[in-house]
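To keep things clear, I will list the structure first and then write my remarks on it.
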Amino acid sequence: MKKIAVLAGLCAAALAQAPRKPAPLPEGVEKKADVVYATRGAHQLRLDLYLPRQSGAPMPAVVYIHGGGWKNGSKNAFSGQAGYMATRGFVGACIEYRLSREAKYPAALEDSVAAVKWLREHAREYNIDPARIGAAGGSAGGHLVAMLGTMKPPVVQAVAAFNPAVDLVSFGKRAPTDAVNAVTEFLGASYESNPKLWAEATPLTHAGKGSAPFLFLHGDADTTVPIQQSIDMVARLKAGGVPADLFVAKGAKHGFFNQEPWYEPTKKRMEEFFTKYLAPRTS
């Protein structure tokens with residue numbers, strides 16, 4: 001019964017953070033929908049680009065990765081944030097990736113890396129500065145962007161992670177009845193059968209000196225991914241001399257960032273963070 005409850009919580013959180021339709025497009029922003037960025041067999045992976053209509057020098061970009069327990073979700077999850085950031089001089093790319101029912105780890109991570117690579121390869125076409133690309137994601141997407149920011153070398157230059165699952169090992173060490181089914185399905189193996197895989201897929205394992213700057217945004221009432229995961233990640237990064245900060249949403253549960261009263265303050269905090277570390281040019 002506990003497994004069912006945890007899985008139900010993940011699905012509910014996915015619905016909360018992944019709008020069925022994209023947010024309205026702000027004035028001054030152009031959208032290019034369903035652009036193919038990679039092909040896996042017969043599956044074409046697509047992204048939505050949010051582009052400032054007026055620009056001068058090459059602009060920074062942010063890749064947005066949705067949550068949903070690695071098995072559900074929509075690239076529309078961060079459409080509001082991507083549209084807003086485009087009004088602030090950032091190119092946004094909201095991506096889809098192979099879900100766990102289609103392919104196991106590291107497939108989703110490979111797709112995330114491929115999306116960043118695609119942006120760099122098409123930087124001139126979309127007036128992007130290939131040296132200034134960040135990533136933002138929530139829950140399972142938070143895990144993926146955290147991996148991008150802790151790979152050696154990091155794939156992106158700054159990471160904003162909402163309620164991220166950054167310590168998969170802590171899930172795997174629970175009794176079987178308390179384990180998160182979504183993680184086992186995502187990795188294709190239980191913790192007991194392959195602890196090395198769980199550790200390798202854990203951003204906390206890789207965090208430290210050389211990682212990208214991080215901003216974590218986490219609700220202190222999150223029972224799906226406890227805020228302690230973000231606290232531990234901040235401590236690990238700071239110990240390695242990496243800039244890291246934590247925005248605590250008081251009383252907020254999982255998937256809070258698209259809900260009131262947190263949508264506006266988290267959107268603004270993310271803007272401040274990416275402006276600081278990606279420094280958009282206005283001329």
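We count residues from 1, following the sequence as given.
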Can you say whether the rings of Phe186 and Tyr105 are parallel (under 30°), tilted (30 to 60°) or perpendicular (over 60°)? perpendicular
Could you check whether any side-chain heavy atom of Pro164 comes within less than 4.5 Å of a side-chain heavy atom of His143, counting everything from C-beta outward? no
Donor-acceptor pair, side chain of Lys152 and main chain of His206, under 3.5 angstrom: yes
Salt bridge (Lys or Arg N to Asp or Glu O under 4.0 Å) evaluation trace for Asp111 with Arg98: CA-CA 7 Å; Asp111 297 343; Arg98 284 173 291 174; 2.9 Å; yes
Cationic N near anionic O, under 4.0 Å, Glu96 to Lys75: no
Only residue of Val116, Val63, Leu109 satisfying side-chain contact (heavy atoms from CB on, under 4.5 Å) with Val155 is Val116
Below 6.0 angstrom between ring centroids: does that apply to His66 and Tyr97? yes
Excluding sequence neighbours, so at least two apart, what forms side chain to side chain contact (heavy atoms under 4.5 Å, CB included) with His122? Trp118, Glu125, Tyr126
Which ILVMFWY residues can you reach from Val29 by hopping between side chains whose heavy atoms are under 4.5 Å apart? Leu25, Tyr50
CG-OG distance between Asn181 and Ser190, expressed to the nearest 0.5 angstrom: 11.0 Å
Would a 4.5 Å heavy-atom cut-off, applied to side chains only, mark Leu204 and Leu168 as touching? no
With sequence neighbours excluded, residues passing salt bridge (charged side-chain N to carboxylate O under 4.0 Å, His left out) with Glu272: Arg269
Please work out whether the ring planes of Phe216 and Phe214 are parallel, tilted or perpendicular, with thresholds of 30° and 60°. parallel
If only atom types and distance count, is the side chain of Arg132 paired as donor or acceptor with the main-chain N or O of Leu278 below 3.5 Å? yes
So do the side chains of Asp222 and Ile227 get within less than 4.5 Å of each other, counting heavy atoms only? no
